[in-house]
Every structure is written in structure tokens, then in C-alpha cells.
Amino acid sequence: MASCSEESATATEEEPTESLASQKREARLRKFRELHFKRNEARKLNHQEVVEEDKRLKLPSNWEAKKARLEWELAVDQKKKDCAARGEDYDRVKLLEITADDAERWERKKKKKNPDTGFAGYAEAQLRQYQRLTKQIKPDMESYERQREESGEDFYPTSNSLIHGTHVPTKEGIDRMVEDVEKQIEKRAKYSRRRAYNDDADIDYINERNAKFNKKAERFYGKYTAEIKQNLERGTAV
């Protein structure tokens with residue numbers, strides 16, 4: 001009887017131990033399955049990112065700007081359609097959406113903009129001169145109408161018209177041309193070519209490269225060495 005009771009007690013002690021071990025095993029297996037699932041999910045996401053990056057690299061360098069431009073154009077077209085459906089003027093609606101600060105900032109930017117970027121070629125200089133002269137022209141409609149009546153059908157010449165050399169400029173036109181030429185001469189006389197070197201400056205270099213180095217040294221350390229340089233020039237340096 002005693003041996004039977006001992007065996008039953010041992011069996012009851014082994015049962016919780018086995019159940020505890022099985023629980024730990026199940027927990028480890030569940031953890032392993034979760035890690036396996038996360039690894040597969042990460043592999044899938046990584047593959048998607050690689051594919052998307054490959055697509056982006058194959059696109060043109062300005063694709064983002066083009067995409068933004070296309071989206072803006074689509075939005076503008078949609079707004080135009082909505083305004084047309086409501087019977088409104090799109091330009092007027094667009095101006096109503098612009099704030100006073102934005103309009104003032106754009107106006108200041110227009111005023112600051114300088115289209116003359118300097119001399120880039122004779123063709124560009126001639127074009128700027130032509131544009132400047134055409135802006136100064138004030139058409140005389142009375143003279144235009146009078147000339148059209150005098151010329152008749154030859155006012156609109158064709159390949160058979162023979163009116164070359166028949167036009168005589170007016171005194172006002174000649175005076176205007178002379179005044180413009182004199183202004184150009186005066187402007188040219190005021191123009192002074194910027195010299196690369198100052199003839200009155202001290203020569204403290206031996207070549208072009210040394211001159212650039214001395215300018216950099218003077219820019220960074222000139223204020224510290226000014227007194228030493230003056231003493232050396234006077235001969236009073238210690």
C-alpha cells in the first residue's frame with residue numbers, strides 16, 4: 001500500500017512538470033512562427049522597395065518636376081471646367097484667390113528682374129537694342145492714315161509693286177533718329193572699360209598665380225599684418 005501511494009505521488013508531481021515543458025515548447029514554437037512571418041513580410045516589403053527604386057532610377061532626372069507640372073495642369077484644367085460649368089470667368093476667379101501679399105511680392109520680383117545680363121554676343125546685344133528702340137516708338141496714326149490714302153493699293157505691296165525708294169521721311173522722324181544717335185554716342189563716351197590691374201598699386205608678385213595668392217592672404221590676414229608691413233616700409237621694424 002505504501003509503494004502504491006508513493007508511485008501515485010510521483011506521477012502527480014511529473015504531470016505538472018510535463019505540462020510546463022509543453023507550454024514552454026508551444027511558446028517557443030509560436031515565437032518562432034511569428035519571427036518567420038515577420039521575416040517573410042520584411043523580405044516582401046524589401047523586394048517592393050527595390051522594385052520601386054529601380055523604377056525611379058530608370059525615370060528621367062527631371063521626372064519629379066514634370067510630374068508636379070502635369071498635376072498642376074490637370075488641376076488648372078479641372079478648375080477651368082468647373083468655372084465654365086458655373087458660368088464664371090476663370091481668370092477672374094484665379095485673381096480672387098491671390099492674396100494681397102502674394103500679389104505685392106510678385107510685383108516686387110518683376111521690378112527687380114533685370115533682363116540685361118551683360119554682353120553675351122553681338123546678336124543678343126543687337127536684339128536688346130532693337131527691343132529698346134521699338135518700346136520707344138510712339139506710332140502716329142494720323143500720318144499712317146494719310147500715307148495709306150496717298151499710296152492707295154500700293155500701301156500693301158505685292159511682288160508686282162514698284163514703290164521701293166519712293167518713301168521720304170518726315171523732318172520729325174529725322175530729328176528723332178538724330179536725337180537717338182546722339183544719346184548712343186553720349187552713352188558710349190561715358191562707358192569705361194574695367195581694367196584687370198591697377199597701375200598705381202604696388203607690385204608685390206612675380207606672376208599671375210602669386211598675385212592671386214597675395215590677394216587671398218591680404219583679404220584674410222591684411223588687418224593683422226598692416227602694422228608690420230608699415231614698419232618694414234619705414235625701416236623701423238624691430
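Side chains are part of it too, since the values below use all heavy atoms of this structure and drop only hydrogens, waters and symmetry mates. Everything numeric in this text was worked out from a predicted model, so none of it was measured.
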So, taking the atom named [atom1] in [X] and the one named [atom2] in [Y], what distance separates them when rounded to the nearest 0.5 Å?
X	Y	atom1	atom2	result
Lys44	Gln48	NZ	CD	7.5 Å
Ser22	Arg25	OG	CZ	6.0 Å
Asp89	Leu96	CG	CG	10.0 Å
Asn214	Lys216	CG	NZ	11.5 Å
Leu74	Lys79	CG	NZ	12.5 Å
Lys212	Asn210	NZ	CG	12.0 Å

- The single option from Glu172, Lys171, Met177 passing side-chain contact (heavy atoms from CB on, under 4.5 Å) against Asp175: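 Looking at Glu172, Lys171, Met177, the match for Asp175 under the side-chain contact (heavy atoms from CB on, under 4.5 Å) is Lys171.
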- Task: Please say which of Lys24, Arg30, Lys31 ends up in a side-chain contact (heavy atoms from CB on, under 4.5 Å) with Arg28.
- Result: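 Only one of Lys24, Arg30, Lys31 forms a side-chain contact (heavy atoms from CB on, under 4.5 Å) with Arg28, namely Lys24.
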Is any side-chain N of the basic residue among [X] and [Y] closer than 4.0 Å to the acidic one's carboxylate O?
X	Y	value
Glu104	Arg108	yes
Arg148	Glu145	yes
Glu73	Arg69	yes

Should [X] and [Y] count as side-chain neighbours, where that means a heavy-atom distance under 4.5 Å?
X	Y	result
Arg132	Asp180	yes
Glu49	Leu45	no
Glu71	Lys67	yes

- Message: Strictly distance-based, threshold 3.5 Å: is any side-chain N or O of Thr225 a donor or acceptor partner for the main-chain N or O of Ile228?
- Response: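 Side chain of Thr225 to backbone of Ile228, a donor-acceptor pair under 3.5 Å: no, none is there.
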- List the steps, then state whether side-chain hydrogen bond (donor to acceptor under 3.5 Å, both in side chains) holds for His36 with Arg33. CA-CA 5 Å; His36 186 69; Arg33 284 193 294 269; over 6 Å; no
With a sphere of 6.0 Å drawn around [atom1] of [X], does it hold more than 12 non-hydrogen atoms of other residues, nucleotides or ligands?
X	atom1	result
Tyr90	OH	yes
Arg43	CZ	yes
Leu133	CG	yes
Gln131	CD	yes
Arg209	CZ	no

- Please state whether the rings of Tyr224 and Tyr221 are parallel, tilted or perpendicular, taking 30° and 60° as the class boundaries.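 Ring orientation, 0 to 90° scale: tilted.
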